[in-house]
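Accompanying notes for the structure given below.
These values consider heavy atoms only, across backbone and side chains, with no hydrogens, waters or symmetry-generated copies. Positions are given from 1, in the same order as the sequence printed here.
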Amino acid sequence: MNAIKEAHYNLGIAYLEAGQYNRAVPEFEAAIKLDADFIGAHCALCRAYLEQDALEKASASVTAALKLDDTHQPALLLCDTLTQAYYDKGRQYHGAERYSEAVSTFQKALTLAEDLERSSQDPDIKNKHIYAHLGAAYIGLKAYQEAIDALQNAIALDPDLVDAHYNLGYAYVEQGSYDQAIPHLERAIAIAPNFKRAHYNLARAYRELGNLEAATHAVTETLRLDPNYQRAHELANSIKQAHYNRGITYLNDERHSEAVTAFQNAITLDSDFTTAHYNLGLTYLKMETYSRAVDALQKTITLDRNYKAAHHSLALAYLGQQELGKARDAAKDTLKLDANYQPALSLLEAIDPSFTPSATQTSTPPEPEQPTAPQSAGKPRQETHYELGIAYKNSKMYTEAIAEFQKAIDLDPDFVAAHTSLGEIYLETGRLDDAEKAANAALRIDANSQPARQLLNDIKQVRSTQSTQSTGTPSHVTDIKKHYERGEAFLNNGQYNEAAAAFKRAIKADPSYADAHYSLGVAYLEIGALDDAKMAAEVASKLNADRQLIHELLTAIKHVETSQRRRKLWKKGLSYAVVLGMIAAVIIFIVNWLPEPDPPDPLPVPPIFSIGASLSRDYLLGGQTVKLTLTIKNSGGTVHNVKIQLQPQSISGLNYETPAPIPEILKSDEETIEIPIKADRNIGNREESLKIELIGNNGTSLATTDILLRMLDTVR
């Protein structure tokens, strides 16, 4: 029997060396049948199968050989060769985006690699690459946790494996674990500084964590490496808008230094961001940093010659620098854009007594060297100082306003309006004793002066409010009203976070302000902070706010908790807030000379789609129909007119149609689409890959997936 066994083996070897692998295989199998422990025949059979690219059969043969002797060097070499073959095959599948096959193939390579651990060779060098590619294949399947596990194994074998660090960071970003993504993306960049996708995803992670400065640096570096990287441009615009929105919030909260930084960061990402330049100038104006305000506002006007508010704010900045001639010119430029713009008209009347509305079209008189206002024959000097003081007061330039009112009083000690206006500034700045002195001085001159009496009442109310507060922070009636009205304006514009902040400031100044508590509850309702909305409504109720309004608010909160349709209810049940907000917005515009900052554009909530595909049967038989079921989920913003694109649009032997677009997919929605696929009778035995892609209404890709169609002729 040994002679027959050897004869089969030797004949198989001859066929193998001659390249006749089909004839070699049965000879080796015959030898093994005669002697199952013939390790040489198992190894030779593995070689024959390898030459035929029959990896599964080759794997079974080498596994049988190693079970007989796990130190057999030829078997170990064959195992290593087979591992490499699986690895190469897996990379081919991955390159063709056949991720399921790639995952299966890499896993088989790793299984064989375990057998090599018993050899004298160190398999880790190869294993780290298998794990790295396995992780990348899992990412292709959007199986991020499995990808993370594989990539961590790769990094454990080689801490400097750049692709593994990048893919691990990317998987963490897609999973929403942004803090865990950052170290790996930064490590990838440290190893490969020009890895643009690593910079891009690092920017994504920092943006999601709210670190806009770091996100700005990362996305800027991405665009430096590739100025045409469209996704990076889109991310930069998103970060830019976030900086801008943050700047507006800081500006409204009077956190001026932080507002400056935010607007400058926005400008870093877009040097032509007109409204960011304008609001930067406005912030500097409020900080009384007039030279920088001038630079920012001049840049704004360079970008948009018709920006009326920028011209007017530039006039105020020049006024702050005591450059009355330039202030006059800037105010006239404002009136060229809008001849009826009252703040500019009032400013010109204050700094140029000879001004008449028609004078905006005439040549500009010579600029005075000193900031003293020119005097006309028909207007006393104290009137000029008073009007200039009003101009400073309305632009919140209080130091200059106090000086002008004091000059008016020095020239005319009985100037009641100057005393009263001086007292109003002292009240505005928290100097209550000085405000009271000014009000009493006005009443000594005219005991019936209503503005002076109102000023005294305001002072008393502020002192009463201060006595009930644990903090010593000065507060006053005008600020309370301003915060409340600003909150109503924000509420009307849909800027609910900003509205809540304004109402909180009003409540801080006056904790018993029932309307502010109620409106804060409305803002919280729109934000979705339902517990806070309930608490605010309850406080407003205890403070005797309108019972009907409180009832409607609590009803709205309850309805949102059960139906999540708060916007529809808001429009039906709380529409009165819109009217109040519009009135408040008009009042703010009329009363304040200094333009309010441009409201931020709300950051759009991006759609986050996933798509799954399954067939009603594993195989498509000739002449029969199967159903392709698509499960579409959206965990992000609403998208309209979502198209489903099938690639290729047609496959020989198959009949299917592209489904109609989906009109709307809301957040947390799930859509199920069924697509019948009919196979021709003579379809043949083959496989085809079908790509399914969701396309948004702006042509962007929302999600993709692939499914393998396995076709068989009708069984006869």
Without placing hydrogens or testing angles, list every side-chain donor-acceptor pair under 3.5 Å for residues 176-186, not counting sequence neighbours.
from   : atom 1 : to     : atom 2 : distance (Å)
Ser177 : OG     : Gln175 : OE1    : 3.3
His184 : ND1    : His165 : ND1    : 3.2
Glu186 : OE2    : Tyr206 : OH     : 2.7

By side chain to side chain donor-acceptor pair (under 3.5 Å), which residues pair with [X], not counting sequence neighbours?
{"X": "Glu51", "result": "none"}
{"X": "Asn167", "result": "none"}
{"X": "Asn211", "result": "none"}
{"X": "Asn655", "result": "Asp680"}

Pairs flagged by side-chain hydrogen bond (donor to acceptor under 3.5 Å, both in side chains) wherever [range] is involved - sequence neighbours left out:
{"range": "residues 131-144", "result": "Tyr87-His133, Gln107-Tyr138"}
{"range": "residues 27-39", "result": "Lys5-Asp35, His8-Glu27, Glu29-Tyr49"}
{"range": "residues 215-224", "result": "Thr216-His243, Glu221-Arg224"}

Under the side-chain contact (heavy atoms from CB on, under 4.5 Å) rule, collect the residues that match up with [X], sequence neighbours excluded.
{"X": "Leu161", "result": "Lys128, His129, Ala132, Ala154, Asp158, Ala164"}
{"X": "Lys67", "result": "Thr63"}
{"X": "Pro659", "result": "Ile644, Leu646, Ile673, Ile675"}

Is the charged tip of Lys240 near the ring of Tyr244: under 6.0 Å from the six-membered ring centre and within 45° of its axis? no

Output a table of donor-acceptor pairs, distance under 3.5 Å, between side-chain atoms of residues 647-654 and any protein atom two or more places apart or on a different chain; print 'none' if there are none.
none

Taking everything shown except Glu657 itself, do over 12 heavy atoms lie less than 6.0 Å from its CD? no

Taking atom NZ of Lys196 as the centre, report whether more than 12 heavy atoms of other residues, nucleotides or ligands fall under 6.0 Å from it.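 More than 12 heavy atoms, drawn from other residues, nucleotides or ligands, come within 6.0 Å of this atom.
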
